Amino acid sequence: DDYKNNVLNFYDINARVDWKASSKDRVSLSFIYTRDNMGLVDLMDLECSNLAWTLDWRRTINEHWRNALTASMTYYDSNTGAKIFDNKYDMGSFIHEYKLRESAVLQTSHHTARAGAEIKLYGVESADWTINLLKQREKRNAFEASAWLADDWSLAKKFDLSAGLRFVVFGVLGGSPYYDFDEDMNILKTYNPSLTELVETYFSVEPRVSLNYKVLDNLSLKAGYSLT
């Protein structure tokens with residue numbers, strides 16, 4: 001009797017459709033939705049869900065060259081509630097992502113070259129508090145754009161070299177308040193930039209290189225370097 005009104009359940013829904021549009025083109029659409037619920041009577045409850053859509057178009061230009069275009073969106077949402085004495089606490093959070101990606105592969109007898117570009121838009125809410133009738137909402141928006149080049153090169157029968165370079169731009173967008181603080185974390189000034197306004201921008205270059213030496217059929221020596 002102490003547990004009969006508690007809640008514990010989850011479910012997943014998956015679907016995928018593939019379409020061979022031509023001898024060189026293949027299009028796929030995939031969908032996933034998951035939801036978890038857990039609740040303890042008169043104490044707390046937890047609900048979280050994950051929704052994702054992906055549209056993918058792959059084209060084979062010829063025996064050496066192929067490319068892919070992918071668009072996707074993912075929504076992760078969670079809500080936690082608790083009752084402590086006469087106070088009811090609720091906290092909601094989410095991560096929403098929209099992505100567009102274009103990539104290409106060029107393959108020859110000794111090289112496999114890859115290139116691509118990607119842009120992502122983020123919406124993040126880390127804590128949307130409601131305590132009785134008091135409400136506090138903190139949301140952040142951002143974008144990330146990147147482009148990359150890479151090559152896998154068969155130097156010799158037993159030597160393989162892989163090298164790549166990735167450029168990244170990360171921008172913090174407005175749409176919610178930002179603050180200046182003093183040393184004691186007191187708010188000195190509040191900013192309210194619009195959703196399309198850039199608050200801060202960060203740039204980075206990420207190189208990588210690795211070398212593989214095949215000693216035996218089941219033994220290899222590898223060395224690599226990367227910076228992110």
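Since this is a predicted model, take the numbers as computed values, not measurements.
No donor-acceptor contact under 3.5 angstrom links the side chains of Asp160 and Trp153, judged on distance only. Side-chain contact of Asp152 with Ser162: a donor-acceptor pair under 3.5 Å is present, judged by distance alone. A side-chain donor-acceptor contact under 3.5 Å links Ser176 and Arg140. For the residue pair Tyr98 and Tyr75, a side-chain donor N or O sits within less than 3.5 Å of a side-chain acceptor on the partner. Judged purely by distance below 3.5 Å, without hydrogens or angles, the side chains of Ser28 and Arg58 never pair a donor atom with an acceptor atom.
In this structure, Arg66 CZ and Ser103 OG are separated by 9.0 Å, a value rounded to the nearest 0.5 Å. The OG atom of Ser49 sits 9.0 Å away from the CG atom of Asp36 when rounded to the nearest 0.5 Å. The CZ atom of Phe203 lies 12.5 Å from the CZ atom of Phe170; values are rounded to the nearest 0.5 Å. To the nearest 0.5 Å, the span separating CG on Leu173 from CG on Leu198 amounts to 6.0 Å. Here the straight-line distance linking atom OH of Tyr76 with atom CG of Asn50 works out to 8.0 Å at 0.5 Å rounding. To the nearest 0.5 Å, atoms CG (Asp151) and CZ (Arg114) are separated by 9.0 Å.
Ring centroids of Tyr178 and Tyr191 are separated by 6.0 Å or more, keeping the two rings apart.
Side chains of Thr54 and Thr70 form a contact here, defined as non-hydrogen atoms less than 4.5 Å apart. Annotation: side chain of His96 is in contact with side chain of Asp77 (closest heavy-atom distance under 4.5 Å). With a 4.5 Å cut-off on side-chain heavy atoms, Trp57 and Asp25 count as touching. In this structure, the side chains of Leu211 and Leu155 come closer than 4.5 Å at one or more pairs of heavy atoms. Between Phe181 and Ile187, the closest side-chain pair of non-hydrogen atoms falls below 4.5 Å.
The backbone N or O of Ala71 lies less than 3.5 Å from no partner atom in the side chain of Lys99, so there is not a single donor-acceptor pair. Under the 3.5 Å distance criterion, the side-chain polar atoms of Ser22 are matched with a main-chain donor or acceptor of Lys24. Between the Asn62 side chain and the His64 main chain, a donor and an acceptor come within less than 3.5 Å of each other. A donor-acceptor pair is defined here as one N or O able to donate and one able to accept, closer than 3.5 Å; such a pair exists between the side chain of Asn141 and the backbone of Gly174.
Between Asp18 and Lys20, none of the side-chain N atoms (NZ, or NE/NH1/NH2) sits under 4.0 Å from a carboxylate O, so this pair counts as no salt bridge. Taking 4.0 Å as the cut-off between side-chain N and carboxylate O, Arg26 and Asp56 do not count as a salt-bridged pair. Under the 4.0 Å criterion applied to side-chain N and carboxylate O atoms, Glu118 and Lys120 are assigned as salt-bridge partners.
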Stepwise, does the salt bridge (charged side-chain N to carboxylate O under 4.0 Å, His left out) test hold for Glu144 with Arg166?
-> CA-CA 13 Å; Glu144 180 181 335; Arg166 185 171 181 257; 3.6 Å; yes

Please report the C-alpha distance between Asn212 and Leu221 in whole Å, then the side-chain angles of each, then the deciding distance to 0.1 Å, and finally whether the side-chain contact (heavy atoms from CB on, under 4.5 Å) criterion is met.
-> CA-CA 6 Å; Asn212 180 64; Leu221 296 177; over 6 Å; no

Step by step, would you call Leu161 with Val209 a side-chain contact (heavy atoms from CB on, under 4.5 Å)?
-> CA-CA 7 Å; Leu161 175 68; Val209 62; 3.9 Å; yes

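By the 6.0 Å contact criterion, NE2 on His111 is enclosed, its count of non-hydrogen atoms from other residues, nucleotides or ligands being greater than 12. Residue Phe10 qualifies as open at atom CZ: its count of foreign heavy atoms under 6.0 Å is 12 or below.
In this structure, Tyr225 is not a member of the same hydrophobic cluster as Trp148, with clusters built from ILVMFWY side-chain heavy atoms closer than 4.5 Å. The hydrophobic clustering, which links ILVMFWY residues whose side-chain heavy atoms are closer than 4.5 Å, places Ile32 and Leu29 apart. Residue Val169 is not grouped with residue Leu165 when hydrophobic side chains (ILVMFWY) are merged at heavy-atom distances under 4.5 angstrom, including chains of intermediate members.
Nearest approach of Val168 to Glu206, heavy atoms of both residues: CG2-OE2, 3.9 Å.
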